[in-house]
Protein chains: 2
Amino acid sequence: MGDSSDSRPEKSAGGSRDNPRATGAVRLSDVAAAAGVAAMTVSRALNQPELVSERTRERVQRAVIETGYVPNRVAGALASSRSRMVAVLVPTVAHSLFADVVQSMTDTLACEGYQVLLGLTGYQREQEEAVVETVLSRRPDALVVAGTRHSSATRQRLEAARIPVVEIWDMSDDPLDMLIGFSHHAVGAAVAEHLLGCGYQRFGQVMADDPRSHQRAEGFNARIKAEQATRPQAGIKVTTHWADIPASLAGGRSGGAALLARMPDCEAIVCGSDTLAMGVIAEAQSRAMAIPDALAVMGFGDMGFAAATWPALSTVRIDGAGIGRLTADHLLKRFETRHHEPLHDVLDIGFEIVARQTTRAHRS
Amino acid sequence: MGDSSDSRPEKSAGGSRDNPRATGAVRLSDVAAAAGVAAMTVSRALNQPELVSERTRERVQRAVIETGYVPNRVAGALASSRSRMVAVLVPTVAHSLFADVVQSMTDTLACEGYQVLLGLTGYQREQEEAVVETVLSRRPDALVVAGTRHSSATRQRLEAARIPVVEIWDMSDDPLDMLIGFSHHAVGAAVAEHLLGCGYQRFGQVMADDPRSHQRAEGFNARIKAEQATRPQAGIKVTTHWADIPASLAGGRSGGAALLARMPDCEAIVCGSDTLAMGVIAEAQSRAMAIPDALAVMGFGDMGFAAATWPALSTVRIDGAGIGRLTADHLLKRFETRHHEPLHDVLDIGFEIVARQTTRAHRS
DNA sequence: AAGCGCAATGATAGCGCTAACATCAACAGG
DNA sequence: CCTGTTGATGTTAGCGCTATCATTGCGCTT
């Protein structure tokens with residue numbers, strides 16, 4: 001029956017704004033009136049164009065432009081229970097590795113019309129708990145969180161939310177749902193293995209005081225302990241300095257100084273991040289210690305600058321952008337298939353030791 | 001009542017779960033039933049507790065915990081036309097300066113229950129246009145965007161949205177609404193002034209190829225041109241190299257190499273960012289050029305690492321975190337007063353030249 | 001007793017959209 | 001002719017909240 005429902009005398013684009021609760025913005029029904037179709041048809045023309053005839057689709061498109069319509073996805077989300085938002089919880093974005101993840105995830109999701117709701121957990125559990133709650137109140141279609149160690153309250157909330165959850169940047173045997181990351185313990189062990197292979201024996205560590213750095217340090221120490229057991233006479237030893245978080249170049253520099261004070265005969269310093277490593281190098285350079293001859297330095301992260309410093313930094317490469325892309329792709333696939341049951345699936349993307357000029361050559 | 005073990009999802013939970021469109025989550029009305037009050041009272045107890053008697057407030061709080069209620073702010077936003085979200089549009093977060101802004105803004109807003117909807121514009125106008133549209137469809141309460149140069153379509157949409165808009169990280173005489181930033185042209189001029197004051201005459205520039213770097217380069221060149229006019233015999237000259245974006249240490253290094261090839265007698269290189277500067281320094285060190293004696297280097301941004309490198313980087317300090325905090329505070333104040341008219345207000349937060357060790361001392 | 005102000009609470013009616021079903025025209029086969 | 005099928009469109013009834021106004025109870029004045 002077409003247009004009998006709308007009162008004809010209304011003045012064109014202005015519409016019936018007599019209701020005090022209306023926002024005054026152009027609505028779907030305004031576009032529908034302009035195109036001479038029902039609101040539902042406009043909704044379909046925009047969201048499932050294949051269900052609408054070409055003629056109508058064009059009429060609607062013209063009406064959208066004419067009225068300057070911007071869809072209200074808040075209302076859409078309420079009606080359809082799909083918000084097309086993905087919550088991303090990371091400790092900080094002021095750290096290149098997490099920034100890479102957020103960047104690539106945002107880019108990938110944007111292509112499919114999804115958007116990122118950013119939450120910063122600041123390396124603290126209680127902050128994570130609060131952020132999880134506020135973020136879930138927006139009813140995101142999925143949640144991505146860095147790390148696998150959550151308070152039980154957080155775990156409960158995440159399970160109750162019944163949305164896909166991806167833990168990233170870590171490994172665990174017992175993921176909440178999907179897990180995309182790498183083993184920090186294995187990184188530490190591999191670094192130890194590599195440096196032992198280079199012939200170093202007296203090690204320092206300058207690590208940030210966060211859970212994942214602790215895991216890497218543990219992995220490192222475990223491998224070293226094994227070597228000490230095998231070759232007790234070799235004089236292998238380790239001293240560790242914990243730097244404040246967030247890790248900074250200045251923290252690396254003072255950490256390096258502190259470490260060298262405690263262990264003057266240190267041959268190689270393993271750092272919790274490339275940034276800390278740069279700080280250690282700066283400290284060494286200010287003491288005119290030759291690198292890597294007087295002191296070897298190993299970073300973590302292979303951040304953009306690592307390859308281009310002088311001397312070029314030996315480090316561990318993590319593909320942060322890859323994690324972001326994989327995570328986004330995985331989520332998009334699940335949205336498509338509407339598969340909302342937890343998977344308990346683990347994807348280890350691994351890491352790579354990149355030997356450059358701040359460590360001496362490996363005796364292969 | 002204990003907790004519900006996860007193996008058995010919602011079964012009864014007193015309510016009309018027979019409706020196929022209900023999400024199955026705990027609703028306000030479920031809490032109301034548990035507390036023995038009306039839904040509206042629960043809403044008030046949570047959002048305007050001062051309007052509710054202490055006795056009722058406590059009953060509601062207990063019911064919230066008992067039921068595990070997580071508010072649905074999508075519905076809340078639709079009903080109240082207040083989403084408590086702020087859209088933040090920056091070119092990238094994989095750049096420490098913008099990451100700082102995003103970080104501090106997110107932190108400050110989170111305290112008041114506001115959340116950040118992140119949009120990445122990738123330095124490209126058409127991408128900005130698309131991002132603005134999708135972001136506005138979420139009906140954020142305000143929008144923050146880096147830069148002042150927008151396409152006319154973008155400007156129109158932003159004006160039509162009738163929400164506070166803050167442009168940051170730049171200066172303009174004609175802001176859309178609020179503007180918090182600094183003059184890139186003035187930065188360039190001040191750097192030129194400073195380096196001339198140090199006695200340098202043959203300048204190189206390694207700049208990223210983005211609009212704001214262009215403005216700084218222009219400011220620099222303008223000041224140099226004035227000096228050339230004043231002292232035509234002095235042999236003052238400038239060569240500029242444009243590096244690809246996003247700026248990287250590697251880009252700085254190759255840019256430095258390219259510049260030195262074109263201008264072997266260059267005395268001082270001004271860089272578009274600290275990252276580029278680090279690259280130039282790395283290139284100089286690989287050529288055993290002493291810094292600052294054989295070559296002076298000036299950065300931009302005073303990123304965390306600038307003070308701690310060896311030699312410590314002379315640079316221009318921008319208070320990114322300050323911009324983020326100021327912006328957030330400003331918005332929170334406007335939300336409080338519900339002042340939604342554009343202000344056309346400009347706040348210049350300035351900058352500071354930080355002379356460290358990569359430039360020689362200023363002849364004061 | 002009636003009236004008034006005030007604080008606390010409840011009932012109602014949407015916000016702008018979409019899921020689900022209803023309708024309708026056009027056409028095929030029996 | 002009827003019936004069934006298909007594709008395009010329309011109608012209805014919410015999604016889960018909150019703005020708004022109505023109602024209630026209580027202490028106080030007149």
Side-chain angles (χ1 to χ4, degrees), chain A residues 1-6 15-33 35-60 67 69-84 136-139 338, chain B residues 15-33 35-60 67 69-84 136-139 338:
Chain A
M1 293 307 164
D3 44 27
S4 58
S5 56
D6 272 336
S16 49
R17 289 288 175 277
D18 21 343
N19 187 311
R21 295 190 63 184
T23 55
V26 179
R27 292 160 306 178
L28 204 56
S29 58
D30 298 325
V31 179
V37 295
M40 194 62 227
T41 303
V42 177
S43 171
R44 271 194 285 257
L46 296 176
N47 299 316
Q48 295 152 288
E50 71 279 5
L51 293 183
V52 170
S53 74
E54 194 176 323
R55 213 177 79 88
T56 310
R57 211 185 305 145
E58 278 166 14
R59 284 237 304 269
V60 169
T67 55
Y69 176 63
V70 177
N72 184 333
R73 287 194 214 284
V74 175
L78 180 62
S80 66
S81 312
R82 299 180 58 217
S83 63
R84 296 186 152 268
L136 285 181
S137 75
R138 311 275 179 198
R139 299 293 190 267
R338 290 164 187 252
Chain B
S16 45
R17 286 288 178 280
D18 26 345
N19 187 311
R21 295 190 62 183
T23 55
V26 180
R27 292 160 306 178
L28 202 58
S29 59
D30 298 325
V31 179
V37 298
M40 195 59 231
T41 304
V42 178
S43 172
R44 271 194 283 259
L46 297 176
N47 299 316
Q48 296 152 286
E50 71 280 4
L51 294 183
V52 170
S53 75
E54 193 174 323
R55 214 178 78 88
T56 309
R57 212 184 305 147
E58 278 167 14
R59 284 238 304 272
V60 168
T67 55
Y69 175 63
V70 177
N72 184 333
R73 286 193 215 283
V74 176
L78 180 62
S80 66
S81 315
R82 299 180 58 218
S83 62
R84 295 185 153 268
L136 285 181
S137 74
R138 310 276 180 200
R139 300 292 189 268
R338 290 164 188 252

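Here the structure is a predicted model, which is why all the values come from computation and not from measurement. Chain identifiers are assigned alphabetically (A, B, ...) following the order of the sequence lines, protein sequences preceding nucleic acid strands; residue numbering begins at 1 within each chain.
The distance from atom CZ of A/Arg21 to atom CG of B/Leu78, rounded to the nearest 0.5 Å, is 8.5 Å. Atom-to-atom distance recorded for B/Ser80:OG and B/Arg73:CZ is 10.5 Å, nearest 0.5 angstrom. Note that CD of A/Gln48 is 6.0 Å distant from CD of A/Glu50, once rounded to the nearest 0.5 Å.
For the OP1/OP2 pair of D/dC17 and a distance below 4.0 Å, the side-chain nitrogens and oxygens of B/Tyr69 include at least one atom meeting the criterion. Within the 4.0 Å cut-off from OP1 or OP2 of C/dT9, at least one side-chain nitrogen or oxygen of B/Thr56 is found. Dashed line: the shortest gap from a side-chain N or O of A/Thr41 to OP1 or OP2 of D/dT9 is not under 4.0 Å. Between B/Ser53 and C/dT9 there is a side-chain N or O to OP1 or OP2 distance below 4.0 Å. Distances shown here put every side-chain N or O of A/Thr23 at or beyond 4.0 Å from the OP1 or OP2 atom of C/dC15. OP1 or OP2 of C/dC15 has not a single side-chain nitrogen or oxygen of A/Asn72 nearer than 4.0 Å.
As a whole-Å value, the separation of B/Arg57 CZ from C/dA7 P is 15 Å. Taking atom CG of A/Leu78 as the reference point, atom C1' of D/dC17 lies 8 Å away to the nearest angstrom. Distance, A/Asn47 CG to C/dG16 P: 17 Å, rounded to whole Å. Across the protein-nucleic acid pair, B/Glu58 atom CD and C/dT9 atom P stand 12 Å apart, rounded to whole Å. Atom CD of A/Glu50 is separated from atom C1' of D/dA8 by 13 Å (rounded to the nearest Å). Computed from coordinates, the B/Glu54 CD to C/dA7 C1' distance equals 15 Å when rounded to whole Å. For the pair A/Arg59 CZ and D/dA8 P, the interatomic distance rounds to 15 Å; values are reported in whole Å. B/Met40 has its CE atom 15 Å from the P atom of C/dA8, to the nearest Å.
B/Val52 comes within contact range of the sugar-phosphate backbone alone, with a heavy-atom separation under 4.0 Å but no base atom that close. In this structure, B/Val74 reaches neither bases nor backbone, as no heavy-atom distance under 4.0 Å exists between it and the strands shown. Among the protein residues, B/Arg73 comes within range of no part of the nucleic acid, since none of its heavy atoms lies under 4.0 Å from any strand.
Residues B/Thr56 and B/Thr41 form a side-chain contact, since some pair of their non-hydrogen atoms from C-beta on lies under 4.5 Å apart.
One can find a donor-acceptor pair under 3.5 Å joining the base of C/dT18 and the side-chain atoms of B/Arg21. For D/dG10, the base has a donor-acceptor partner in the side chain of A/Arg44 [N/O atoms by modelled type, under 3.5 angstrom].
In this structure a side-chain-to-backbone donor-acceptor pair under 3.5 Å is missing from B/Arg139 to B/Ser83. Under the 3.5 Å distance criterion, the side-chain polar atoms of A/Arg44 are left unmatched by any main-chain donor or acceptor of A/Val52.
Listed nucleotides: C/dG14, C/dG10, C/dG16. Nearest to the side chain of B/Val37: C/dG10.
Residues A/Arg82 and B/Ser80 both approach DNA chain C. Their nearest nucleotides, taken by heavy-atom distance, put B/Ser80 toward the 5′ side.
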